[in-house]
Amino acid sequence: KIILKQKDEL
Amino acid sequence: MNIFRLTGDLSHLAAIIILLLKIWKTRSCAGISGKSQLLFALVFTTRYLDLFTSFISLYNTSMKLIYVACSYATVYLIYMKFKATYDGNHDTFRVEFLVVPVGGLSFLVNHDFSPLEILWTFSIYLESVAILPQLFMISKTGEAETITTHYLFFLGLYRALYLINWIWRYYFEGFFDLIAVVAGVVQTILYCDFFYLYVTKVLKGKKLSLPA
(Lines give C-alpha, C1' and ligand atoms only; values in the text may rest on other atoms or scores of the structure.)
Protein backbone atom coordinates (compact mmCIF):
# COMPACT_ATOMS: atom_id res chain seq x y z
CA LYS A 1 0.00 0.00 0.00
CA ILE A 2 1.01 3.58 -0.50
CA ILE A 3 1.52 5.55 2.68
CA LEU A 4 1.36 9.32 2.50
CA LYS A 5 2.42 11.95 5.00
CA GLN A 6 5.01 10.12 7.04
CA LYS A 7 7.25 12.70 8.67
CA ASP A 8 10.09 10.53 9.89
CA GLU A 9 12.44 12.05 7.33
CA LEU A 10 14.45 15.20 7.90
CA MET B 1 16.17 3.73 8.11
CA ASN B 2 18.29 2.51 5.21
CA ILE B 3 21.90 3.26 4.33
CA PHE B 4 20.97 5.85 1.68
CA ARG B 5 18.79 7.79 4.07
CA LEU B 6 21.49 7.71 6.78
CA THR B 7 24.34 8.75 4.48
CA GLY B 8 22.02 11.40 3.04
CA ASP B 9 21.44 12.86 6.50
CA LEU B 10 25.15 12.69 7.33
CA SER B 11 26.00 14.34 4.01
CA HIS B 12 23.53 17.11 4.84
CA LEU B 13 25.11 17.48 8.28
CA ALA B 14 28.60 17.54 6.73
CA ALA B 15 27.55 20.36 4.38
CA ILE B 16 26.16 22.45 7.24
CA ILE B 17 29.25 21.90 9.41
CA ILE B 18 31.67 22.61 6.53
CA LEU B 19 29.99 25.96 5.92
CA LEU B 20 29.97 26.91 9.60
CA LEU B 21 33.64 25.93 10.01
CA LYS B 22 34.68 27.74 6.83
CA ILE B 23 33.12 30.97 8.06
CA TRP B 24 34.42 30.53 11.61
CA LYS B 25 38.01 29.59 10.72
CA THR B 26 38.50 32.23 8.03
CA ARG B 27 36.49 34.82 10.03
CA SER B 28 34.82 35.63 6.72
CA CYS B 29 31.67 34.79 4.81
CA ALA B 30 32.97 36.06 1.46
CA GLY B 31 31.40 34.21 -1.45
CA ILE B 32 28.52 32.88 0.67
CA SER B 33 24.97 33.90 -0.14
CA GLY B 34 23.31 35.14 3.05
CA LYS B 35 20.00 34.94 1.24
CA SER B 36 20.33 31.20 0.63
CA GLN B 37 21.21 30.73 4.30
CA LEU B 38 18.20 32.79 5.39
CA LEU B 39 16.01 30.62 3.18
CA PHE B 40 17.47 27.43 4.69
CA ALA B 41 16.80 28.78 8.19
CA LEU B 42 13.21 29.42 7.09
CA VAL B 43 13.03 25.90 5.59
CA PHE B 44 14.11 24.23 8.84
CA THR B 45 11.89 26.47 10.97
CA THR B 46 8.73 25.74 9.00
CA ARG B 47 9.47 22.03 8.56
CA TYR B 48 10.42 21.11 12.10
CA LEU B 49 7.43 22.66 13.87
CA ASP B 50 6.39 19.05 14.45
CA LEU B 51 9.09 18.99 17.13
CA PHE B 52 6.34 20.48 19.30
CA THR B 53 3.62 18.07 18.25
CA SER B 54 5.12 14.62 17.74
CA PHE B 55 8.09 12.52 18.79
CA ILE B 56 9.52 10.05 16.27
CA SER B 57 12.92 9.05 17.66
CA LEU B 58 15.86 10.46 19.56
CA TYR B 59 17.80 10.47 16.27
CA ASN B 60 15.04 12.41 14.52
CA THR B 61 14.67 15.00 17.27
CA SER B 62 18.39 15.57 17.77
CA MET B 63 19.13 15.92 14.05
CA LYS B 64 16.30 18.41 13.66
CA LEU B 65 17.58 20.46 16.59
CA ILE B 66 21.15 20.38 15.22
CA TYR B 67 20.03 21.47 11.73
CA VAL B 68 17.93 24.32 13.10
CA ALA B 69 20.63 25.50 15.53
CA CYS B 70 23.36 25.37 12.87
CA SER B 71 21.27 27.23 10.30
CA TYR B 72 20.56 30.03 12.77
CA ALA B 73 24.23 30.14 13.81
CA THR B 74 25.21 30.47 10.13
CA VAL B 75 22.76 33.32 9.58
CA TYR B 76 24.04 35.01 12.74
CA LEU B 77 27.66 34.75 11.57
CA ILE B 78 26.83 36.17 8.13
CA TYR B 79 24.51 39.02 9.11
CA MET B 80 25.89 39.94 12.54
CA LYS B 81 29.33 38.73 13.60
CA PHE B 82 31.10 38.81 10.23
CA LYS B 83 28.75 41.24 8.50
CA ALA B 84 31.71 43.33 7.29
CA THR B 85 32.91 40.42 5.14
CA TYR B 86 29.47 39.69 3.66
CA ASP B 87 29.47 40.23 -0.08
CA GLY B 88 26.00 41.78 -0.32
CA ASN B 89 26.74 43.49 -3.65
CA HIS B 90 26.92 40.12 -5.36
CA ASP B 91 24.07 38.54 -3.38
CA THR B 92 21.36 40.13 -5.46
CA PHE B 93 18.95 37.28 -6.18
CA ARG B 94 15.36 38.44 -5.59
CA VAL B 95 14.16 35.95 -2.97
CA GLU B 96 10.55 37.16 -3.22
CA PHE B 97 10.50 35.52 -6.66
CA LEU B 98 11.03 32.22 -4.84
CA VAL B 99 9.12 32.69 -1.58
CA VAL B 100 5.89 34.08 -3.07
CA PRO B 101 5.30 31.40 -5.76
CA VAL B 102 6.42 28.64 -3.38
CA GLY B 103 4.03 30.00 -0.73
CA GLY B 104 1.17 30.02 -3.22
CA LEU B 105 1.97 26.53 -4.47
CA SER B 106 2.05 25.11 -0.94
CA PHE B 107 -1.51 26.36 -0.43
CA LEU B 108 -2.66 24.81 -3.71
CA VAL B 109 -0.78 21.49 -3.77
CA ASN B 110 -0.51 19.77 -0.38
CA HIS B 111 -1.49 16.53 1.34
CA ASP B 112 -3.83 18.21 3.80
CA PHE B 113 -5.14 21.75 4.12
CA SER B 114 -3.99 22.31 7.71
CA PRO B 115 -1.51 24.91 9.02
CA LEU B 116 1.29 22.47 9.94
CA GLU B 117 0.91 20.49 6.72
CA ILE B 118 0.94 23.65 4.58
CA LEU B 119 4.06 24.89 6.37
CA TRP B 120 5.73 21.49 5.90
CA THR B 121 4.84 21.59 2.18
CA PHE B 122 6.14 25.16 1.95
CA SER B 123 9.45 24.05 3.47
CA ILE B 124 9.78 21.15 1.03
CA TYR B 125 9.14 23.37 -2.00
CA LEU B 126 11.34 26.16 -0.67
CA GLU B 127 14.25 23.83 0.09
CA SER B 128 14.25 22.64 -3.51
CA VAL B 129 15.07 26.16 -4.75
CA ALA B 130 16.76 27.73 -1.70
CA ILE B 131 20.23 27.22 -3.16
CA LEU B 132 19.47 29.39 -6.21
CA PRO B 133 20.73 32.67 -4.63
CA GLN B 134 24.05 30.89 -3.90
CA LEU B 135 24.36 29.47 -7.42
CA PHE B 136 23.34 32.87 -8.83
CA MET B 137 26.08 34.53 -6.77
CA ILE B 138 28.70 32.10 -8.09
CA SER B 139 27.59 32.62 -11.66
CA LYS B 140 27.76 36.37 -11.10
CA THR B 141 31.27 36.44 -9.63
CA GLY B 142 32.36 33.59 -11.91
CA GLU B 143 34.18 31.69 -9.17
CA ALA B 144 33.88 29.95 -5.83
CA GLU B 145 36.35 29.06 -3.11
CA THR B 146 37.13 25.36 -3.05
CA ILE B 147 35.70 24.94 0.46
CA THR B 148 32.43 26.50 -0.75
CA THR B 149 32.29 23.93 -3.55
CA HIS B 150 32.72 21.12 -0.99
CA TYR B 151 29.77 22.58 0.90
CA LEU B 152 27.66 22.62 -2.26
CA PHE B 153 28.72 19.11 -3.19
CA PHE B 154 27.60 17.61 0.11
CA LEU B 155 24.38 19.63 0.03
CA GLY B 156 23.57 18.27 -3.44
CA LEU B 157 24.70 14.74 -2.57
CA TYR B 158 22.27 14.74 0.36
CA ARG B 159 19.20 15.16 -1.86
CA ALA B 160 20.54 12.74 -4.47
CA LEU B 161 20.93 10.09 -1.73
CA TYR B 162 17.41 10.84 -0.55
CA LEU B 163 16.17 10.05 -4.07
CA ILE B 164 17.74 6.60 -3.85
CA ASN B 165 16.28 6.29 -0.34
CA TRP B 166 12.80 6.99 -1.75
CA ILE B 167 13.20 4.36 -4.47
CA TRP B 168 14.31 1.92 -1.76
CA ARG B 169 11.40 2.79 0.51
CA TYR B 170 8.91 2.53 -2.33
CA TYR B 171 9.98 -1.02 -3.11
CA PHE B 172 10.57 -2.32 0.41
CA GLU B 173 8.15 -0.29 2.55
CA GLY B 174 5.47 0.89 0.13
CA PHE B 175 6.36 4.42 1.18
CA PHE B 176 5.79 7.15 -1.38
CA ASP B 177 5.41 10.89 -0.91
CA LEU B 178 4.81 12.56 -4.27
CA ILE B 179 5.41 16.12 -2.99
CA ALA B 180 8.77 15.24 -1.42
CA VAL B 181 9.86 13.19 -4.45
CA VAL B 182 9.00 15.82 -7.09
CA ALA B 183 10.64 18.60 -5.03
CA GLY B 184 13.62 16.34 -4.38
CA VAL B 185 14.05 15.65 -8.10
CA VAL B 186 13.89 19.39 -8.87
CA GLN B 187 16.38 20.11 -6.10
CA THR B 188 18.82 17.47 -7.33
CA ILE B 189 18.56 18.64 -10.95
CA LEU B 190 19.58 22.16 -9.89
CA TYR B 191 22.90 20.73 -8.70
CA CYS B 192 23.70 18.75 -11.87
CA ASP B 193 25.57 21.55 -13.61
CA PHE B 194 27.53 22.18 -10.43
CA PHE B 195 28.29 18.44 -9.95
CA TYR B 196 29.79 18.41 -13.44
CA LEU B 197 32.07 21.35 -12.65
CA TYR B 198 32.95 19.85 -9.27
CA VAL B 199 34.08 16.55 -10.78
CA THR B 200 35.85 18.01 -13.81
CA LYS B 201 37.57 20.88 -11.99
CA VAL B 202 37.63 20.82 -8.19
CA LEU B 203 38.40 17.11 -7.81
CA LYS B 204 41.32 17.59 -10.22
CA GLY B 205 42.77 20.25 -7.96
CA LYS B 206 41.60 23.26 -9.89
CA LYS B 207 39.66 26.20 -8.54
CA LEU B 208 36.06 26.47 -9.63
CA SER B 209 35.90 29.35 -12.06
CA LEU B 210 33.43 29.87 -14.84
CA PRO B 211 34.33 31.07 -18.33
CA ALA B 212 33.62 34.78 -18.69
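The chains referred to below are lettered A, B, ... by the order of the sequence lines, with proteins before strands, and numbering in each begins at 1.
Applying a 4.5 Å heavy-atom cutoff, the residues of residues 18-57 of chain B that approach chain A are B:R47, B:Y48, B:D50, B:I56. The interface of residues 121-139 of chain B with chain A, defined by heavy-atom distances below 4.5 Å, is empty.
Annotation for B:F107: atom CZ does not count as buried by contact number, only 12 or fewer foreign heavy atoms lying within 6.0 Å. No more than 12 heavy atoms of other residues, nucleotides or ligands lie within 6.0 Å of NZ in B:K83, so this atom counts as exposed by the packing criterion. The local environment of OH in B:Y67 is crowded, with over 12 non-hydrogen atoms from other residues, nucleotides or ligands closer than 6.0 Å.
With a 4.5 Å cut-off on side-chain heavy atoms, A:E9 and B:M1 do not count as touching. Side-chain contact between B:K64 and A:L10 is present, with at least one heavy-atom pair separated by less than 4.5 Å.
To the nearest 0.5 Å, atoms CZ (B:R5) and CG (A:D8) are separated by 6.0 Å.
Salt bridge absent: A:K7 and B:D177 never bring a charged side-chain N and a carboxylate O closer than 4.0 Å.
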